[in-house]
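These figures come from a predicted structure and were not determined experimentally. Ligands are counted one by one from 1 in listed order, and the atoms in each one are counted from 1 as well.
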Amino acid sequence: QMNEVEVEAFSTPSYACQRRTTLDNHNAVLTDALSLLAENAELSDEDGRGVAFRRAAAVLKSLPEPVTGLTQLRGLPCLGGHSLRVIKDVLENGASSEAEATKQSERFKALKVLTGIFGVGVKTAERWIRDGIVGLQQLQLSERPLNRAQRAGLRHYEDLNRPVTRAEAAAVAAVVEEAVAAVLPGARTTLIGGFRRGKLTGHDVDFLMTHPEEGREAGLMPKVVSWLDSQGFLLYQKTTRNSYLEAKDGPARPPSNMDRFERCYSIFKLPEEARRGGEEARRGAEEAEPCSGAAAASQVKGEGPKPWRAVRVDLVVSPISQFAFALLGWTGSKLFERELRRWAGHEKAMSLSSHALYDNKQSRYLRASSEEEIFAHLGLEYVPPSERNA
Ligand code: GTP
Ligand code: MN
Ligand code: MN
C-alpha cells in the first residue's frame with residue numbers, strides 16, 4: 001500500500017498587495033537567489049524577467065514557514081518554470097547554480113560596482129564596460145567626463161554603499177525636522193520608504209513633507225534645501241520642480257505613474273555627534289568605536305578619523321490634499337507599489353499614482369485623506385507599512 005505523505009500546501013492570493021509580508025522571511029535562501037537573478041535581469045535591460053523573479057520571491061517571502069519540498073508549492077501563484085527550477089536547485093543542492101554563476105560573472109560584478117555609483121544608471125555602466133572600464137580605479141584613470149551627481153557619487157562611494165542604520169536615519173530625521181520647523185512652522189515631516197516599513201537598514205533615508213493648510217507647502221523645498229545648505233549639511237542636492245500643478249493641459253486625465261512632486265535627491269554630510277546621538281542612548285557610551293582600516297590610516301597621516309559620513313537622503317513635498325497618496329506611493333516596497341497599481345488597473349479599472357486615484361468607470365477622482373481609505377476604495381484589506389515588505 002502506497003502511503004502518500006501528507007504535505008500541506010500553502011494558499012496565497014496572487015497580488016502582493018493582497019498579502020501581508022513582514023520582514024520575518026522564512027525562505028531567505030530561496031528569495032536571495034531569486035532576488036539576485038531579478039537584479040541581474042534588471043541590470044541587463046530585461047525588466048519583464050526581473051519582475052517575474054521579484055514576484056516569485058515575494059510569494060515565498062509571504063509564506064508562514066520554510067519551504068521544504070516542491071509539492072508545497074503546488075497552487076501557489078507567480079511561480080513560473082524558471083523560478084521553479086531555481087527553487088528546485090536550492091532545495092536539492094543548497095544553492096542555485098545559476099545565481100552562483102551570475103554572482104561570479106565579470107559582467108554582473110562590473111555592473112554592480114559601476115551602478116553602485118550614485119548617478120550612474122545601467123546605460124552608462126554598459127557603455128563604460130564596453131570600453132573596458134569595469135572598476136572604480138579604471139574609471140578614475142580613464143578621465144571620463146562625469147556629471148555633478150556622478151562626481152559626488154564617486155567621491156562618497158564607500159559611505160554611500162555602506163547601509164544606513166536606524167540610528168543614522170533618526171539623526172537625519174532630527175536635522176530635517178529642524179530645517180522644516182525653521183522655515184515653515186506647522187509643516188509636517190514623515191519618514192517614508194524602507195524605514196517606515198520597519199527595515200533595520202536602508203540605502204537612503206526618505207521623507208515626505210506637507211502642511212495641514214493646502215497651498216502653504218508651496219515653496220517649502222527650496223527653503224528647506226537652502227537652510228540645510230547654509231548649515232553645512234549638504235554635500236550634493238538636485239531639486240526637481242513640481243510640474244503637476246503647472247501642467248494645465250485641459251480636463252482631468254488619469255494621472256501617470258511618473259510623479260511630479262517637488263523632490264530633492266541629496267547627499268547629507270552627517271556629523272559624527274549627530275550619528276551617535278541615537279546610538280548612545282541605546283548601547284551606552286562605554287563601548288569604544290571600532291577603528292577601521294581607513295580611520296587607522298588617516299590617523300597615521302595625522303588627519304584623525306573622518307568626523308562625518310555621507311548619507312543619501314530623498315525629500316518629497318506634497319500638498320495635504322494628495323498626502324495620503326504620496327504616503328502610500330513612497331512607502332514601498334517597490335514591488336508592493338507596482339502590484340497596487342496593477343491591482344487597481346486590472347481588477348478595478350482604476351489608475352493609482354502617488355497623487356490620486358482615478359476611477360475609469362465613474363470617470364472621476366476618488367478622494368482620500370488616509371491610506372486606509374485608499375485601500376478601501378481599491379477593495380483591499382488594509383495592509384500596514386510593516387507588512388508591505390514584498
Ligand atoms: P532602501 O532605500 O533601499 O532601503 O529601500 P526603499 O524601499 O526605501 O527604496 P527607495 O528609497 O528607493 O524608494 C522608496 C519608495 O519610494 C519606493 O516604494 C519607491 O517605489 C518609491 N519611489 C522611489 N522613487 C520614486 C519616484 O521617482 N517616484 C515615485 N512615485 N516613487 C518613487
Ligand atoms: Mn529608501
Ligand atoms: Mn529613496
Side-chain angles (χ1 to χ4, degrees), residues 16-17 21-23 25 35 38-39 42 47 50-51 54 57-58 61 112 115-116 118-122 149 153 159-170 172-173 176 189-210 221 236-244 254-268 310-319 322-344 351-358 371 374 383-390:
C17 52
T21 313
T22 65
L23 290 166
N25 178 359
S35 300
E39 191 180 7
E42 288 155 3
D47 287 348
V51 174
R54 297 258 176 231
K61 281 183 200 171
K112 281 280 280 183
T115 58
F118 172 70
V120 176
V122 176
D159 275 0
L160 298 185
N161 282 281
R162 190 148 43 88
V164 181
T165 65
R166 287 195 77 85
E168 288 164 345
V172 174
V176 172
T189 305
T190 308
L191 185 65
I192 48 175
F195 285 112
R196 181 165 183 250
R197 302 196 308 275
K199 278 180 64 179
L200 296 178
T201 61
H203 98 283
D204 68 357
V205 197
D206 309 282
F207 296 97
L208 175 60
M209 300 174 289
T210 190
M221 188 69 87
Y236 168 91
Q237 68 85 16
K238 184 178 162 66
T239 306
T240 1
R241 274 274 179 66
N242 181 349
S243 59
Y244 193 71
S256 76
N257 289 336
M258 261 284 289
D259 84 65
R260 299 152 191 167
F261 290 123
E262 209 167 25
R263 66 176 89 152
C264 176
Y265 301 109
S266 75
I267 301 175
F268 264 48
V311 179
R312 274 271 300 113
V313 176
D314 287 340
L315 305 172
V316 190
V317 171
S318 99
Q322 300 175 13
F323 180 77
F325 296 99
L327 186 61
L328 179 59
W330 286 82
T331 293
S333 69
K334 283 192 185 83
L335 185 78
F336 192 91
E337 303 292 341
R338 177 186 265 276
E339 294 278 279
L340 270 177
R341 293 194 298 267
R342 190 166 68 97
W343 168 271
S351 320
L352 175 67
S353 76
S354 299
H355 296 279
L357 179 62
Y358 186 80
E371 291 180 312
I374 304 174
V383 179
S386 62
E387 298 179 340
R388 297 181 201 158
N389 287 292

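To the nearest 10 degrees, the Mn ion (ligand 3) sees OD1 of Asp206 and OD2 of Asp204 at an angle of 90°.
At least one donor-acceptor pair under 3.5 Å links the side chain of Asn389 to the backbone N or O of Arg197.
The Mn ion (ligand 3) is closest to atom OD2 of Asp314 (considering only N, O or S atoms).
Taking every heavy atom of His203 and a limit of under 4.0 angstrom, the matching atoms of ligand 1 come to 1 (P), 2 (O), 3 (O), 4 (O), 11 (O), 12 (O). Below 4.0 Å from some heavy atom of Tyr265 lie the following atoms of ligand 1, by number and element: 27 (O). Close contacts of ligand 1 with Asp204, meaning ligand atoms under 4.0 Å from a residue heavy atom, involve 2 (O), 11 (O).
Comparing Gly194, Ala326, Ser354 by heavy-atom distance to atom 6 (P) of ligand 1, the nearest is Gly194. The closest heavy-atom contact to atom 21 (C) of ligand 1, among the options Gly329, Ser333, Gly332, Gly202, comes from Gly329.
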Practice prompt. Walk me through it: do Asp204 and Tyr265 pass the test side chain to side chain contact (heavy atoms under 4.5 Å, CB included)?
Written response: CA-CA 10 Å; Asp204 68 357; Tyr265 301 109; over 6 Å; no
Worksheet item: Should Phe325 and Leu357 be marked as a side chain to side chain contact (heavy atoms under 4.5 Å, CB included) after you check the CA-CA gap, both sets of side-chain angles, and the distance that decides it?
Response: CA-CA 8 Å; Phe325 296 99; Leu357 179 62; 3.5 Å; yes
Fill in: Stepwise side chain to side chain contact (heavy atoms under 4.5 Å, CB included) test for Val205 and Val176
CA-CA 11 Å; Val205 197; Val176 172; over 6 Å; no
Discussion item. Determine whether Trp330 and Leu208 satisfy the following criterion, side chain to side chain contact (heavy atoms under 4.5 Å, CB included), listing intermediate values before the conclusion.
Written reply: CA-CA 8 Å; Trp330 286 82; Leu208 175 60; 5.7 Å; no
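For the ligand labelled ligand 1, residue Phe325 lies outside the 4.0 Å heavy-atom shell. At least one heavy atom of Arg197 sits less than 4.0 Å from an atom of ligand 1. Within the structure, ligand 1 lacks Arg338 among the residues with a heavy atom less than 4.0 angstrom away.
For Asp206, a nitrogen or oxygen atom sits less than 3.5 Å from a nitrogen or oxygen atom of ligand 1, counting backbone and side chain alike.
By the 4.0 Å N-to-carboxylate-O rule, Glu371 lies close enough to Arg196 to be salt-bridged with it. The pair Glu337-Lys334 does not count as a salt bridge, with every side-chain nitrogen at least 4.0 angstrom from each carboxylate oxygen.
Between atom OG of residue Ser354 and atom CG of residue Leu327 there is a gap of 10.0 Å, rounded to the nearest 0.5 Å.
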